[in-house]
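Remarks on the structure that follows.
Only a predicted model underlies this, so the values are computations on that prediction, with no experimental measurement involved.
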Amino acid sequence: MKTFMVERYGDGVRAGERPDPRVGADDVLVRVHAASVNPLDLKLRDGDFKAILPYRLPLILGNDLAGVVVRVGSAVTGFAVGDEVYARPGKDRIGTFAELIAVHQDDVAIKPATLTMTEAASLPLAALTSWQALVERAQVRPGQKILIHAGSGGVGTIAIQLAKHLGAHVATTASTAKVDLVKQLGADIVVDYKKQAFETVLDGYDVVLDTLGGETLEKSLRVLKPGGKVIGIAGPPDAAFARELGANAFLRLAMSALSFTTRRRAKRRGVTYSFLFMKASGDQLRELTPLIDAGKIRPVVDCVFPFEETREAMAYVEGGRAKAGKVVVTMT
């Protein structure tokens with residue numbers, strides 16, 4: 001099958017042929033129709049996570065998909081050949097920049113009926129990240145104040161809509177050109193970061209979803225009320241994440257050290273910081289699907305590239321050229 005893969009970290013991505021996937025008893029084999037490009041793909045390409053996600057090279061990239069089931073394993077009960085599905089494969093089984101992929105049945109869901117393959121492929125990673133941050137981790141309740149950074153980004157566009165569905169009062173940050181878009185998605189307050197510093201105009205927030213890290217994370221601590229939470233998806237990782245990975249004692253200590261300063265500053269302010277690395281979940285996609293089909297959450301697709309131009313699609317994302325939402329590559 002045709003793929004786009006990394007043969008050596010830091011050397012970029014190349015097109016190449018790989019054997020068709022082996023299909024285990026609990027797997028569904030999916031012919032990929034579309035896959036989206038995520039910042040995670042760029043980090044994996046460059047080896048940024050090789051200490052905590054020790055993949056064997058060559059590594060086929062790609063973390064979300066929409067496609068059609070072409071074979072099912074002997075223990076698969078919920079899917080049949082011909083089903084249209086979408087998924088974020090488990091972190092140990094990525095590889096959606098390919099014609100075929102075998103995915104564990106627990107990580108797959110039937111595609112929302114109202115979406116095209118291209119639209120559906122843009123959703124799994126961003127939608128699951130938003131769900132796990134706002135529903136699982138933050139347990140957002142009606143009336144709470146939520147700040148979502150980079151509201152026009154892949155995660156931001158979905159998180160705004162989910163937070164509004166949960167009844168929250170939503171603030172977000174965006175550039176001047178994207179203010180109208182994030183308002184249309186449901187943001188109650190938009191801070192144009194080209195004109196204002198969000199930490200000087202926002203206060204008393206219950207939750208911050210930080211998609212940027214660095215200085216933005218540190219400044220986010222200032223807008224929370226006592227007992228508030230910052231959930232970061234850009235790092236730094238923490239010891240709890242290391243435990244989830246089953247990391248050894250040395251790696252747990254190293255991750256704890258990376259987030260020590262942030263956690264100390266948070267504690268001084270009476271708030272908390274935690275790192276979220278999204279997990280695959282077909283069950284959660286099935287909870288999201290009715291919201292998508294009802295129009296409560298709609299995908300935002302910035303640009304579509306043919307599969308042969310996957311490298312160009314990644315360069316487009318890396319160069320910050322995406323105007324809003326996700327970049328998708330289509331196989332058919």
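In this structure, CG in Leu57 is found 4.5 Å from OH in Tyr9, a value given to the nearest 0.5 Å. Taking CG of Leu185 as the start and CD of Gln161 as the end, the distance is 5.0 Å to the nearest 0.5 Å. The structure places NZ of Lys326 at 6.0 Å from OG of Ser122, a figure rounded to the nearest 0.5 Å. Separation of atoms CG (Leu40) and CD1 (Ile94) is listed at 6.5 Å; rounding is to 0.5 Å. Interatomic distance, Leu53 CG to Asp92 CG, rounded to the nearest 0.5 Å: 7.5 Å. Atom CD1 in Ile189 sits 12.5 Å away from atom OG1 in Thr173 (nearest 0.5 Å).
Val304 and Leu61 are members of different hydrophobic clusters when ILVMFWY side chains are connected at heavy-atom separations under 4.5 Å. Following chains of ILVMFWY side-chain contacts shorter than 4.5 Å, one can reach Ile148 starting from Val300, so the two form part of one hydrophobic cluster. Hydrophobic clustering of Ile, Leu, Val, Met, Phe, Trp and Tyr side chains at less than 4.5 Å, counting indirect connections, keeps Met331 apart from Met1. Linking ILVMFWY residues whenever their side-chain heavy atoms come closer than 4.5 Å, directly or via other members, places Val207 and Leu166 in the same cluster. One hydrophobic cluster, built from ILVMFWY side chains closer than 4.5 Å, cannot hold both Leu100 and Phe97; they sit in different ones.
Glu119 is not listed as a side-chain neighbour of Pro112, based on a closest heavy-atom distance of 4.5 Å or more. The shortest distance between side-chain heavy atoms of His169 and Tyr205 falls below 4.5 Å. Side-chain contact between Leu221 and Glu199 is absent, with no heavy-atom pair separated by less than 4.5 Å. Proximity of Val329 to Glu309: side-chain heavy atoms (C-beta onward) are nowhere separated by under 4.5 Å. A heavy-atom distance below 4.5 Å is found between the side chains of His104 and Asp27. Looking at heavy atoms from C-beta onward, Arg88 lies out of side-chain contact with Lys279 at the 4.5 angstrom threshold. Two residues are said to be in side-chain contact when any heavy atoms from C-beta on lie closer than 4.5 Å; Asp64 and Thr96 fail this criterion. Two residues are said to be in side-chain contact when any heavy atoms from C-beta on lie closer than 4.5 Å; Ile60 and Ile101 fail this criterion.
Gln105 places no side-chain N or O within 3.5 Å of a backbone atom of Phe79 that could act as its donor or acceptor partner. At distances below 3.5 Å, at least one donor-acceptor pair connects side-chain atoms of Arg137 with backbone N or O atoms of Phe275. Not one N or O on the side chain of Ser36 forms a donor-acceptor pair closer than 3.5 Å with the backbone of Val328. Listed for the Ser259 side chain is a donor-acceptor partner under 3.5 Å among the backbone atoms of Pro237. Distance alone, capped at 3.5 Å, is enough to place a donor-acceptor pair between the Asp302 side chain and the Lys323 backbone.
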Open item on the list: Show, in sequence, the C-alpha distance, side-chain angles and deciding distance for Val68 and Glu84, and conclude whether the side-chain contact (heavy atoms from CB on, under 4.5 Å) test is met.
Closed with: CA-CA 5 Å; Val68 176; Glu84 295 187 345; 4.2 Å; yes
Task: Val13 vs Val6, side-chain contact (heavy atoms from CB on, under 4.5 Å): CA-CA, chis, key distance, verdict - done: CA-CA 5 Å; Val13 176; Val6 174; 4.0 Å; yes
Open item on the list: For Phe4 and Met314: C-alpha separation, side-chain torsions, deciding distance, then whether side-chain contact (heavy atoms from CB on, under 4.5 Å) applies.
Closed with: CA-CA 11 Å; Phe4 279 87; Met314 293 179 70; over 6 Å; no
- [ ] Determine, stepwise, if the pair Thr330 / Met117 fulfils side-chain contact (heavy atoms from CB on, under 4.5 Å).
- [x] CA-CA 9 Å; Thr330 56; Met117 289 287 188; over 6 Å; no
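Between Tyr55 and Phe49, the distance from one ring center to the other does not fall under 6.0 angstrom.
Heavy atoms only, all atoms of each residue included: Ala322 and Val327 are closest at CB-CG2, 4.2 Å. The two atoms that bring Val182 and Ala174 nearest to each other are CG2-CB, 4.2 Å, heavy atoms only. The nearest pair of heavy atoms linking Gly154 to Ala126 is O-CB, 3.4 Å. Summarising the geometry of Ala75 relative to Asp26, their closest heavy-atom pair is CB-OD1, 3.4 Å, with the distance given to 0.1 Å. When all heavy atoms of Val37 and Ala313 are compared, the pair lying nearest together is CG2-CB, 4.0 Å. The shortest non-hydrogen separation linking Ala127 to Ile158 is CA-CG2, 3.8 Å.
Within a 6.0 Å sphere centred on CZ of Arg71, other residues, nucleotides and ligands contribute 12 heavy atoms or fewer. Glu215 CD: 12 or fewer foreign heavy atoms inside a 6.0 Å radius. Atom CZ of Arg264 has more than 12 heavy atoms from other residues, nucleotides or ligands within 6.0 Å. For NZ of Lys164, the number of neighbouring non-hydrogen atoms (other residues, nucleotides, ligands) closer than 6.0 Å is greater than 12.
In summary, Lys225 and Asp206 engage in a salt bridge, as defined by a charged side-chain N under 4.0 Å from a carboxylate O.
Looking at Val208, Val271, Leu212, Leu202 one by one, the single match for side-chain contact (heavy atoms from CB on, under 4.5 Å) with Ser220 turns out to be Val208. Looking at Ile231, Leu134, Val155 one by one, the single match for side-chain contact (heavy atoms from CB on, under 4.5 Å) with Thr129 turns out to be Val155.
Between the side chains of Lys91 and Asn63, not a single donor N or O lies within less than 3.5 Å of an accepting N or O.
Sequence neighbours left out, the pairs with a member in residues 38-55 that pass salt bridge (charged side-chain N to carboxylate O under 4.0 Å, His left out) are Arg45-Glu318.
Scanning for side-chain contact (heavy atoms from CB on, under 4.5 Å) contacts around Thr262 gives Leu217, Glu218, Pro236, Tyr273, with sequence neighbours left out.
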N/O donor-acceptor pairs under 3.5 Å from side chains in residues 281-293, not counting sequence neighbours:
from, atom 1, to, atom 2, distance (Å)
Ser281, OG, Gln284, N, 3.1
Asp283, OD1, Arg286, NH2, 2.8
Gln284, OE1, Gln132, NE2, 2.8
Gln284, NE2, Glu136, OE2, 2.8
Arg286, NH1, Val108, O, 2.8
Thr289, OG1, Tyr86, OH, 2.8
Thr289, OG1, Leu285, O, 2.8
Asp293, OD1, Ala113, N, 3.1
Asp293, OD1, Thr114, N, 3.0
Asp293, OD1, Thr114, OG1, 2.7
Asp293, OD2, Ala113, N, 3.4

